[in-house]
Each structure stands twice: as C-alpha cells, then as structure tokens.
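To keep things clear, I will list the structure first and then write my remarks on it.
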2 protein chains.
Amino acid sequence: MLEYRRMTLAKPAFPAPDHDHGRCTADALAHAEEVCEQRAQKFTPIRRQVLAALLSSHRPLGAYEVIDELAKSMPRPAPITVYRALDFLMANGLVHRIESRNAYLACAAHDHDATSAVAFLICERCGLVGEIPSASFAKDLNAAARSSGFAPKLSVVEITGVCAHCQKAA
Amino acid sequence: MLEYRRMTLAKPAFPAPDHDHGRCTADALAHAEEVCEQRAQKFTPIRRQVLAALLSSHRPLGAYEVIDELAKSMPRPAPITVYRALDFLMANGLVHRIESRNAYLACAAHDHDATSAVAFLICERCGLVGEIPSASFAKDLNAAARSSGFAPKLSVVEITGVCAHCQKAA
DNA sequence: TGAATATAATAAGCAAGCTTACGATTATTC
DNA sequence: GAATAATCGTAAGCTTGCTTATTATATTCA
C-alpha cells in the first residue's frame, strides 16, 4: 500500500493491466471515507456509488456513462443526482475532470491536494489514464506563462498517446 | 511584420489589447491563402469566412458562435457547413481546437506546423488566448511521460489565469 | 421537539456539439 | 465534353452535458 502510494507520487503512474484492481478500488474507497471524515463531509451512498462507478475502470467516464453504470445496480439516477455527487467528489479531490473529454476520473494519487496541477496520460488504445504529479513540470510551465506577465491559475495538461502495455501488445 | 512573427515564436504571445487588429487579421488571411496555395488546397469563400469569424477576436469561439457570427453577413449556415470548414482549417494548421472549451481559435503563430504542440494561455477575465510555442516545455513534458513508458502523441496544455493587461486593469 | 441545514429525488427541459444522409454544384482530369 | 473528385447546401436528428424548479428526506442542534 505504501509502496503503491509512493509510486504514484514519485513518477508518472500508469495503472498496470494486471494490478490488483479489487484492492485498488477498496483502497480508494477507504481513502475517500477517511478524507470525508477528516473534513466532516458526508460520504453518502450515492457519492460512494458514483465514486465506485468511476473506480470500476481507470478510464474517464462521461456523466451519462456513470448513470449507465449506476443503472445496473439501482434505479436509474437522474443526471442532476450524478452531477451533484461528481461536484462533491471533485471538490474533495477524489475525482478529476478530464477537460478534453468532458469526462470524470477517479483520482489515483491519494496524496496530492485538490487544487494542485496534475497532468494526465491518456492511452488512445486501452483508454486507461495515468497521472503525472505536478511537481516535475508545473514549475516550468508556470514560469513560461509568467514570463509574459500571465498569472496562471488552473492548468489542464492532457497528453494522448500509447501506454507502455499497449505498445508491447501491438 | 517580421518583428511580429519573431515575437510569437520567441516567447509566450498574448495579444496586446491595443494591437493593430485590422492588420493582424489581414496578415492571417494572407498567410492562410499562402498556405493553401502551397498545398494546392482551396481557400474557398466559406473557409475564408469561418477563419475571418475566428479572427474577429482572439477568443476561442464555439461552433455555434461561429454560426452566429457568419449569420450577420450571410444566410445562416448549417452546422455541418461550419464544421467542415473548421476541419479543413485545423487540418492545415490555421485553427486550433481548445479542448477544455470545445471551441476553436484562429492560430496566432504562423510559423509552427500543424502537428506541433502548443500551450494556450486563456485569460479568464477578457477571454483572450495567447500561445506558448512548444519548444520550451514540450520536451520536459514528453520526457516525464516517456519515463513511464508512455509514448506521447498529442498534448493538450491549456492554462487558465489572468493576462498581464487584466491584472493592471484590476 | 421544533427549526434550520444539508442532502437527495422527481420532473422537465435547454443548449451545445456533432453527425448522417442525400442531392446539387463546382472544379479537374482525361 | 464526359467522368471523376472535391466541395457545398439542405434537412433532420442524435447525444451529451448540464440546469432549473420543486418537493421530500435526513441530520444537526439549540
């Protein structure tokens, strides 16, 4: 577990296709519970279910895909229900929004705060998404922006390509 | 003119609010004509009009905003008409798509090729968008991606913040 | 216990982004 | 000048993303 965490922090983390997904899901849910408790926020059933739906893959899901996913195990929720849960999860750093896809992704790196910049690696073959923690590149990027007097706030960095596993498979 | 070009290449280029917009538009249209001629592509009236609509500001416009813009000077074009023109312009490196906004932007830097990575600086006050040419940061970013075996292809780097001019104005 | 707050469900609908299908028009080429 | 290809227009519609409005259900706490 610590091993896992350290990896996601130290270098770009791409979910290995053979990783223990049950565990990674369970860990993430436990982590979410923890976070909510610390913040005195309620991790309600619907919020848990939405997070679980996102965790069911490492792929970003559109809001309507989340609805479809939830519909499998409960009466089909209305869009508003899911959007509220997503807003909550994002506000608490448990879910990222992938801007270039209008989609949502369960956060894999449990250690960064909600606001820090993250870069995403999106595999165009398998659809899995990895995260690069900000530290390494954000400084350069922000410096480049600032050099023209621009004050950066929010960065969207989304890199499409082919993950290591899919390269081997090809 | 050369001066202008050099600047857009050398460092992040944010359109100054007092720049000669008439000229910058005319330049861009002339450049587009040139590019199309070189490639034996047709710079048809509709393509020119769509590009001109995008050039009318330095803001990214949604497809329907482009339609609204065109509707001012011609019978309202159908979505498909505009999308076709946008596809053409993007394929020829004359227009960028801003992924995080589902919007389109006339390319300001006339010198980079269609495929090279560009970072966008999006001012949340005035809505203007500047470009950072890739060279400076793309290497780092790609290196970070590659360090986990990921083969990057297309990068989306979109930075929201406040431009120099709006900071002064505040 | 009753008032206030947070959360959720129901119902309905809007807007944006994009596509398919097909016919008409205009260039290009042989 | 007929055949081909590229471009454009018309018409229709689909999907997704997201919102407003309203009512109901918990939960908290004075």
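Order of the sequence lines sets the chain letters (A, B, ...), proteins ahead of strands, with each chain counted from 1. When reading the values below, keep in mind they use all heavy atoms of this one structure, side chains included, and skip hydrogens, waters and symmetry mates.
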A/L61 CG to D/dT16 C1', straight-line distance once rounded to whole Å: 14 Å

Straight-line distance of A/L51 CG to A/I46 CD1, nearest 0.5 Å: 11.5 Å

Integer-rounded Å distance: D/dT7 P and B/L86 CG: 15 Å

Residue-phosphate contact under 4.0 Å: A/R47 side-chain N/O, C/dA8 OP1/OP2: yes

Rounded distance (Å) that lies between atom C1' of D/dC8 and atom CZ of B/F43: 16 Å

Those residues that, when tested against A/R101, pass salt bridge (charged side-chain N to carboxylate O under 4.0 Å, His left out) (two or more places apart): none

Contact pattern, 5' to 3', of nucleotides 18-30 of chain D - B, S or - by protein heavy atom under 4.0 Å: BBB----------

Separation of atom CD1 in A/I46 from atom C1' in C/dA6, rounded to whole Å: 16 Å

Qualifying residues under ring pair (Phe, Tyr, Trp, His ring centres under 6.0 Å), relative to B/Y104, sequence neighbours excluded: none

Summary of salt bridge (charged side-chain N to carboxylate O under 4.0 Å, His left out) pairs that have at least one residue in residues 73-91 of chain B, sequence neighbours excluded: B/D68-B/R76

Interatomic distance where CD1 belongs to B/I98 and P belongs to C/dG17 [whole Å]: 13 Å

Length of the line joining A/R76:CZ and C/dA11:P, which is rounded to integer Å: 15 Å

Listed once per pair and sorted, the side chain to side chain donor-acceptor pair (under 3.5 Å) pairs that draw on residues 156-170 of chain A, sequence neighbours left out: A/S100-A/E158

Any residue meeting salt bridge (charged side-chain N to carboxylate O under 4.0 Å, His left out) with A/E124, in chain and number order, not counting sequence neighbours: B/K153

Main-chain N/O of B/P17 paired to B/H58 side chain as donor or acceptor, under 3.5 Å: no

Terminal axis angle for the helix from C/dT1-D/dA30 to C/dC30-D/dG1, five pairs an end, nearest 10 degrees: 30°

side-chain contact (heavy atoms from CB on, under 4.5 Å) partners for B/S56, two or more places apart: B/E69

d(CE, A/M90; P, D/dG17) in whole Å: 12 Å

Pairing residues for B/R97 by the salt bridge (charged side-chain N to carboxylate O under 4.0 Å, His left out) criterion, not counting sequence neighbours: B/E99

Interatomic distance, B/Q41 CD vs D/dA5 C1' [rounded to whole Å]: 13 Å

